[in-house]
Participant: 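This is the structure I want to talk about, given as structure tokens.
Just so it is clear: chains get the letters A, B, ... in the order the sequence lines come, proteins before strands, and each one is counted from 1. Predicted model only: the values in this text are computed from it and were never measured.
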Amino acid sequence: MRSFTYARAGSAADAVGRAGATGMAFVAGGTNLLDLMKADVLRPEGLVDISRLPLDRIEETADGGLRLGALARNADTAYDDRVQTRYPMLSMAILAGASAQLRNMATNGGNLLQRTRCYYFYDTATPCNKREPGSGCGAIGGVNRIHAILGASDRCIAVHPSDLCVALAALDAVVQVTGPEGERSIPFAEFHRLPGDRPEIDTTLQPGDLVTSIDLPAKGFAEHSTYLKIRDRASYAFALVSVAAGLEMDGGTVREARLALGGVAHKPWRDPEAEAALVGKPATPDSFRAAARVLLRDAKGHEHNSFKIDLAERAIVRALTDAAERKGAPRP
Amino acid sequence: MIAIPSIPGFLKEPNGPIGKPVNRVDGRKKVTGDAHYAAEFTLPDLAHGFIVSSAIARGRITRIDTAAALALPGVIHVFTHENRPSLAWFDRKWKDDDAPKGAPFRPLYDAEIHHALQPVALVIAESFELARYAARLVHIEYEAAPHQTDLRANRANSFTPGKDKGGFQPPPKPRGNPEQAFLDSPVQVDSEFTQAAEYHNPMEMHATTVLHHDDGTLTVHDKTQGAQNCHTYVCNVFGLAKSAVRVMSPFVGGAFGSGLRPQHQLFMAMLAATQLKRSVRVELSRPQMFSFGHRPETIQRVALGADRDGTLRALIHEAVQESSQHENYVEVVVNWSGQQYACDNVRLDYTLTRLDVHTPLDQRAPGAATGVPALEIAMDELAVKLGMDPLELRLKNYAETDPNTGNPFSSKELRACFRHGAERFGWARRNPAPRSMREGRELIGWGMAAGVWDAMQGQAAAKAVLGVDGKLVVSSATADIGTGTYTVMTQIAADGLGLPVEEVTFCLGDSSLPTAPIEGGSWTVSTVGSAVKAVCDRVRSQLVTLAGKLDDSPLKGVAEEDILFADGHLIVRDDRSRRLSITDVMRGSGTLSIEEEARALPYLLARARHTFATHSAVFVEVRVDEDLGTIRVARVVSAIAAGRIINPKTARSQIQGAVVWGIGMGLEEEAFTDHRLGRVMNHDYAEYHVPVNADVPEIDVLFVEEHDDMVNALGAKGVGEIGIVGVPAAIANAIHHATGVRVRDFPITLDKVLAGLR
Amino acid sequence: MAQLNASLRPAPAPPPEPIPVTLNVNGVERTLHLAPWTTLLDALRLHLDLTGTKKGCDHGQCGACTVLVDGRRINACLTLAAMQDGRKVTTIEGLTTGDSLHPLQEAFIEHDAFQCGYCTPGQICSAAGLIAEGKATTDDEIRELMSGNLCRCGAYPNIVAAIRQAMAIAGPKAEGAP
């Protein structure tokens with residue numbers, strides 16, 4: 001780690017005020033930030049410790065949804081009865097990520113701001129446009145087994161590593177933010193961005209913005225949903241491909257569908273066309289496969305990760321099948 | 001001092017501690033946090049070092065600017081090739097007991113860069129955090145030169161090494177006419193296999209703490225499998241008197257071969273401590289754990305020819321591996337293939353390709369863990385082609401004597417491994433057809449493989465001090481890297497003098513103790529255990545002599561071989577009422593302590609005329625998701641023939657752990673090199689996957705009876721390596737049985753299975 | 001490949017000034033003066049000489065540094081000591097009561113649930129946290145919820161057996177930390 005100052009924020013407003021200075025970063029769980037500071041990838045000049053701000057509650061919202069405090073721990077969120085009952089795919093997604101220890105530390109807000117696990121991003125001796133804009137992308141033409149097949153650019157093929165965010169994307173969560181300009185709401189689909197020619201920017205947050213909560217709408221697809229994560233070992237590994245799937249069923253027919261993918265793009269990947277392709281269709285592997293092909297129509301593989309295209313199709317079919325068969329429904 | 005080797009009978013006391021599942025004697029220390037590892041010793045003047053690693057794979061440093069680092073208050077010094085002191089000149093001074101032929105790597109020697117992550121500077125500061133920070137501020141400019149790190153692209157430049165490393169012989173000359181016999185065989189298999197480079201990655205990162213004492217002497221706490229190996233190395237390299245340095249490694253947080261050679265953190269810490277005249281600790285980071293030795297990437301070909309009844313007619317095994325530009329690391333890979341099965345026409349061929357990488361390094365069952373799986377998959381392929389049970393095929397071609405040498409085995413109960421393992425696993429119920437078993441979405445496959453490893457023995461010495469209180473302290477400069485050395489040596493010593501294990505202390509991991517070789521290759525029980533037995537035998541003789549001289553001794557005139565040692569007593573074998581306690585013998589004779597030292601040698605004559613090996617049969621059930629290609633190992637039975645098992649509890653753990661290694665090797669472990677950068681990219685625990693708890697099922701270990709009175713005085717062969725050897729092949733064979741997909745590239749990740757399922 | 005690390009700040013900031021941090025470690029109040037970049041792990045190992053908590057990667061990828069903070073298991077390497085100011089930290093040294101071992105420690109010895117011992121303190125603290133969480137009832141759940149603790153020696157089957165035994169003694173909802 002490089003030298004930095006440390007201060008504990010007394011309130012959200014205090015935090016936002018302190019973060020206005022250049023080189024400042026919030027620290028909450030610390031699980032990703034301190035990791036990257038030790039690797040010399042991130043070099044903040046000061047840390048504002050927000051971990052003790054009263055933003056750790058999980059509360060009902062007026063519209064029947066749930067407000068997840070930005071500083072609620074991942075584990076507490078995953079094991080919350082309301083989350084487990086009403087948003088099982090979210091609980092499953094959280095528990096599929098990291099380890100029990102890390103879930104006890106990591107906050108929901110911090111999870112949204114996780115940086116990519118791209119090897120080149122982590123290794124300061126190699127080129128990476130995300131870490132050092134203009135230095136090039138090491139992964140293109142390099143080692144890219146874990147990289148993006150959708151929405152990448154010629155500057156960056158990194159993927160977002162979160163599991164939680166994939167479920168939040170599927171659920172149409174809304175991120176509540178307070179910042180120098182006041183408070184605002186960011187629909188989840190607009191929270192993360194694609195790399196384009198500015199891969200160093202992961203989200204649409206502005207300097208000084210503090211995530212205060214993540215709001216879940218009332219609809220949680222509890223009856224027909226799942227989170228499927230495919231990885232290189234049984235646990236404690238990032239997704240090669242993951243799928244959050246939620247269905248509303250009308251007998252054997254799909255009335256509404258939500259489908260978000262992790263491990264395939266710079267952000268959790270949603271595709272309205274693929275979801276639309278499911279509506280009114282029978283819940284069969286054929287219609288699921290057809291929707292998967294819509295979602296993957298522009299997928300592009302690299303030397304080591306082309307298998308992800310086929311794998312993603314299979315994973316989508318499996319996840320939708322499980323969702324339709326209530327595999328992910330909360331235990332009675 | 002030298003004990004005359006003799007072919008022993010088995011130990012006399014059937015109720016002694018040998019063979020008992022004794023809990024680890026160092027267990028309490030390990031579960032309470034009281035076991036101290038290399039980075040956990042300190043003195044008030046301790047300074048902290050952090051290593052700067054090369055950003056390029058080959059070339060030279062054109063400029064090092066340390067000004068910014070040195071400007072920080074608390075930064076003491078930055079060592080580089082530009083300011084290092086003059087050190088040993090000749091290569092032989094840099095050699096160690098595990099060095100292969102060539103010129104060992106010399107850290108901070110000059111501006112040349114030989115491999116990625118090469119250590120290029122050492123920052124010393126008053127705190128760890130400050131050293132790490134300052135290391136980031138060392139500015140280095142390089143002139144890159146073209147590098148080669150791709151084995152496949154460079155294999156045409158391979159060469160045949162000689163006997164370039166201890167413990168490994170070049171392949172035997174071809175026998176028969178393998179090429180023609182292969183062509184003439186009615187059933188043929190000819191396959192290529194690849195094995196990815198693997199990194200040892202013990203849990204404890206390599207670290208060295210050098211404690212600088214007021215009298216100028218140094219105590220060096222190093223992560224090593226050979227305290228004396230490191231002692232010799234640092235004395236040679238830094239020109240120090242042997243008496244001025246003591247290397248300690250009482251606890252080693254795993255090594256698996258990574259501690260067989262002195263690693264550069266030792267050099268770095270010694271450099272700083274000797275130059276700064278103060279205590280220094282240098283601990284590698286996890287990415288830097290990818291900056292030295294590894295299991296080399298390997299490409300192999302196995303061709304088998306057989307008659308329709310399964311009789312092997314031809315066996316050809318070729319392997320090419322990577323080594324560095326400056327040393328010939330060899331692990332030969334192919335030799336076990338000529339030993340495992342009876343076959344008259346055999347060619348074994350082993351070559352090396354020089355790449356711009358650090359020198360590879362022995363990793364658990366070096367060579368065998370790579371080569372035997374290739375053979376064992378090829379055998380499975382042959383069984384499929386023959387329509388023969390894979391176990392039957394192995395029995396059909398069972399080698400009663402070593403086909404490589406024509407010598408008999410000192411013992412070989414592989415047949416019993418097959419039988420008992422198959423029975424435990426339920427192999428007889430196996431439907432040979434691939435894709436014949438499923439449960440829900442999972443295809444189920446059963447695969448098996450055989451394994452083999454050498455039962456080696458070196459020379460070692462041990463010292464015993466028996467006190468008048470009846471407590472025994474035995475010592476030898478060996479290591480316990482988790483293998484259970486403390487415990488089994490305690491058992492051997494306790495057995496030797498008929499003492500309870502609680503009365504015996506075994507000391508190791510200290511260069512000042514009696515000579516022992518580096519701990520590796522499963523030879524420690526054989527090597528050091530024999531010395532422990534020998535020294536206890538000497539103490540025994542002394543006690544018998546003393547007892548016979550006592551007035552009114554009930555043992556008077558009784559020959560040594562007629563006296564038992566049990567429960568702290570000397571007992572007449574045929575009249576157990578005639579006994580004397582050890583303490584009474586010592587008190588009565590006015591002996592306050594008995595001190596003995598002994599050295600044990602292998603039975604060289606027997607070794608010249610026999611082949612000594614451990615064997616295994618591994619049976620694995622895998623479950624493969626038919627749609628997703630995900631693989632999990634659901635069940636493992638490992639049947640082991642390794643002579644006498646000194647401690648079935650710790651031995652079982654060794655085998656289980658090695659099976660977990662086999663799961664990692666078979667399914668997960670792979671260093672990804674970016675050949676444009678010449679750099680391993682997944683250099684951490686997040687992206688270099690080793691098995692986690694959820695990957696590992698119950699592992700059923702059974703040890704078959706195997707009597708061996710030639711291997712050593714204990715009849716024990718060692719169990720550190722044999723457990724891994726067949727596992728990757730058994731997994732691969734099970735995957736084929738489950739899916740019909742044959743994958744010959746380790747690790748078998750799901751994409752390779754999916755490619756076949758598509 | 002050029003060294004890309006060269007865009008260094010012209011005048012590097014001096015090391016951070018120490019700040020007071022108070023931790024209750026194994027029941028004892030300890031006030032330290034630590035530069036804020038000191039992790040909880042380094043505070044324990046380097047400043048309090050409690051080396052039972054291990055450093056296996058320093059990046060939250062191995063679990064060797066697992067300790068209990070206010071009774072919950074975390075990776076001590078990924079939090080700053082200053083962030084834990086005022087909290088109760090239980091390390092492996094704190095699980096032993098006088099001469100008597102914690103049931104998990106007993107069970108680990110009995111089941112030979114370790115080899116080199118380096119991951120062991122983290123495994124045991126993690127298991128204590130697991131038992132306190134009460135989310136694991138089956139072997140498969142133990143395996144999954146202990147997967148944040150690597151054991152390179154591969155003692156996993158014995159670790160599961162040891163935890164199963166300790167769990168039976170402690171009961172599924174028992175407090176893991178004393």
Participant: Kindly give the heavy-atom pair with the smallest separation between B/Pro697 and C/Pro157, and that separation in Å.
Facilitator: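 That would be O-CG, 3.8 Å.
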Participant: State, without any angle test, whether B/Thr650 and C/Asp112 hold a side-chain donor-acceptor pair at a distance under 3.5 Å.
Facilitator: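 B/Thr650 vs C/Asp112: no donor-acceptor pair found between side chains.
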Participant: Relative to chain C, which of B/Glu143, B/Met205, B/His48 shows the most heavy atom pairs under 4.5 Å?
Facilitator: B/Met205
Participant: To the closest 0.5 Å, what do you measure between NE2 (C/His102) and OG1 (B/Thr32)?
Facilitator: 13.5 Å
Participant: So C/Arg143 and B/Glu698, salt bridge (charged side-chain N to carboxylate O under 4.0 Å, His left out) or not? Walk me through it.
Facilitator: CA-CA 11 Å; C/Arg143 290 188 181 107; B/Glu698 288 292 322; 3.7 Å; yes
Participant: Under 4.5 Å, counting heavy-atom pairs only, tell me which of C/Thr91, C/Thr39, C/Thr53, C/Asp99 racks up the most with chain B.
Facilitator: C/Asp99
Participant: Side chain, backbone, both or neither: which part of B/Val696 has an atom under 4.5 Å from a heavy atom of chain C?
Facilitator: both
Participant: Shorter than 4.5 Å, heavy atoms on both sides: which option in B/Met203, B/Arg286, B/Gln656 has the most such pairs with chain C?
Facilitator: B/Met203
Participant: What's the verdict on salt bridge (charged side-chain N to carboxylate O under 4.0 Å, His left out) for C/Arg152 and B/Glu198, showing C-alpha distance, side-chain angles and the deciding distance?
Facilitator: CA-CA 13 Å; C/Arg152 188 55 159 155; B/Glu198 294 186 309; over 6 Å; no
Participant: Does the side chain of C/Asp58 come within less than 4.5 Å of B/Glu283's, by heavy atoms?
Facilitator: no
Participant: Under 4.5 Å heavy-atom distance to chain C, tell me which part of B/Phe41 shows up: side chain, backbone, both or neither.
Facilitator: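 Interface part for B/Phe41: neither.
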Participant: Between C/Pro121, C/Pro15, C/Gly60, which has the largest tally of heavy atom pairs under 4.5 Å with chain B?
Facilitator: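 When all of C/Pro121, C/Pro15, C/Gly60 are compared, C/Pro15 has the most.
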Participant: Taking the side chain as C-beta and beyond, is there a heavy-atom pair between C/Ile159 and B/Asn693 under 4.5 Å?
Facilitator: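 SC-SC contact between C/Ile159 and B/Asn693 confirmed.
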Participant: Side chains of C/Asn158 and B/Ser653: closer than 4.5 Å at any heavy-atom pair?
Facilitator: yes
Participant: Indicate the atoms forming the closest heavy-atom contact of B/Tyr685 with C/Cys57, along with that distance.
Facilitator: CD1-CB, 3.9 Å
Participant: If we define contacts as heavy-atom pairs under 4.5 Å, which of C/Glu144, C/Glu93, C/Glu110, C/Met146 has the most with chain B?
Facilitator: C/Glu110
Participant: Does C/Glu106 offer a backbone N or O that forms a donor-acceptor pair with the side chain of B/Arg28 under 3.5 Å?
Facilitator: no
Participant: Heavy atoms only: give me the nearest C/Ile109-B/Lys649 pair and the separation to one decimal.
Facilitator: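 What the structure gives for the nearest pair is O-NZ, 4.4 Å.
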Participant: Where do B/Glu204 and C/Lys55 land on the salt bridge (charged side-chain N to carboxylate O under 4.0 Å, His left out) test, with the steps shown first?
Facilitator: CA-CA 7 Å; B/Glu204 180 198 18; C/Lys55 185 183 279 190; over 6 Å; no
Participant: Can you tell me how far apart NZ (B/Lys30) and CD1 (C/Ile124) are? Round to the nearest 0.5 Å.
Facilitator: 12.0 Å
Participant: Kindly determine whether C/Leu150 and B/Val692 satisfy side chain to side chain contact (heavy atoms under 4.5 Å, CB included), including the steps that lead there.
Facilitator: CA-CA 6 Å; C/Leu150 302 185; B/Val692 297; 3.5 Å; yes
Participant: Taking side chain as everything from C-beta outward and backbone as N, CA, C, O, which of these in B/Arg281 sits under 4.5 Å from a heavy atom of chain C? Side chain, backbone, both or neither.
Facilitator: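 Answer is side chain: those atoms of B/Arg281 sit under 4.5 Å from chain C.
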Participant: Checking C/Gln123 against chain B: side chain, backbone, both or neither under 4.5 Å from a heavy atom?
Facilitator: neither
Participant: Please tell me if the side chains of C/His59 and B/Asp684 come closer than 4.5 Å, counting only heavy atoms from C-beta onward.
Facilitator: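 Sidechains of B/Asp684 and C/His59: no contact.
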Participant: Name the region of B/Phe251, side chain, backbone, both or neither, that has any atom closer than 4.5 Å to a heavy atom of chain C.
Facilitator: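 Neither; nothing under 4.5 Å.
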Participant: Please flag which part of B/Ala686 lies under 4.5 Å from any non-hydrogen atom of chain C: side chain, backbone, both or neither.
Facilitator: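 Looking at B/Ala686, backbone and side chain both touch chain C.
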Participant: Tell me, side chain or backbone of B/Pro21 under 4.5 Å from chain C's heavy atoms, or both, or neither?
Facilitator: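 Neither the backbone nor the side chain of B/Pro21 comes within 4.5 Å of chain C.
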Participant: Check whether C/Gln105 reaches the backbone of B/Val31 with its side chain - one donor and one acceptor, N or O, closer than 3.5 Å.
Facilitator: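 A pair under 3.5 Å: yes.
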Participant: Pick one of side chain, backbone, both or neither for B/Ala39, based on which atoms fall under 4.5 Å of a heavy atom in chain C.
Facilitator: both
Participant: Tell me, out of C/Leu101, C/Leu145, C/Leu50, C/Asp139, who's got the most heavy-atom pairs with chain B below 4.5 Å.
Facilitator: C/Leu101
Participant: Mind running salt bridge (charged side-chain N to carboxylate O under 4.0 Å, His left out) on B/Arg132 and C/Asp42 for me, showing each step along the way?
Facilitator: CA-CA 13 Å; B/Arg132 180 167 58 188; C/Asp42 288 331; 5.0 Å; no
Participant: Got a donor-acceptor contact below 3.5 angstrom from the C/Tyr118 side chain to the B/Pro202 backbone?
Facilitator: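 Judged by distance alone, no pair lies under 3.5 Å.
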Participant: Using side chain to side chain contact (heavy atoms under 4.5 Å, CB included), reason through B/Leu130 and C/Trp37 one step at a time and then give a plain yes or no.
Facilitator: CA-CA 9 Å; B/Leu130 182 59; C/Trp37 60 15; 4.0 Å; yes
Participant: If you measure from SG on C/Cys116 to CD1 on B/Ile481, what distance do you get to the nearest 0.5 Å?
Facilitator: 9.0 Å
Participant: When rounded to the nearest 0.5 angstrom, what distance separates CD1 in B/Ile663 from OH in C/Tyr156?
Facilitator: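 These two atoms lie 10.0 Å from each other.
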Participant: For the residue pair C/Gln115 / B/Gln654, report whether a side-chain donor-acceptor contact shorter than 3.5 Å exists.
Facilitator: yes
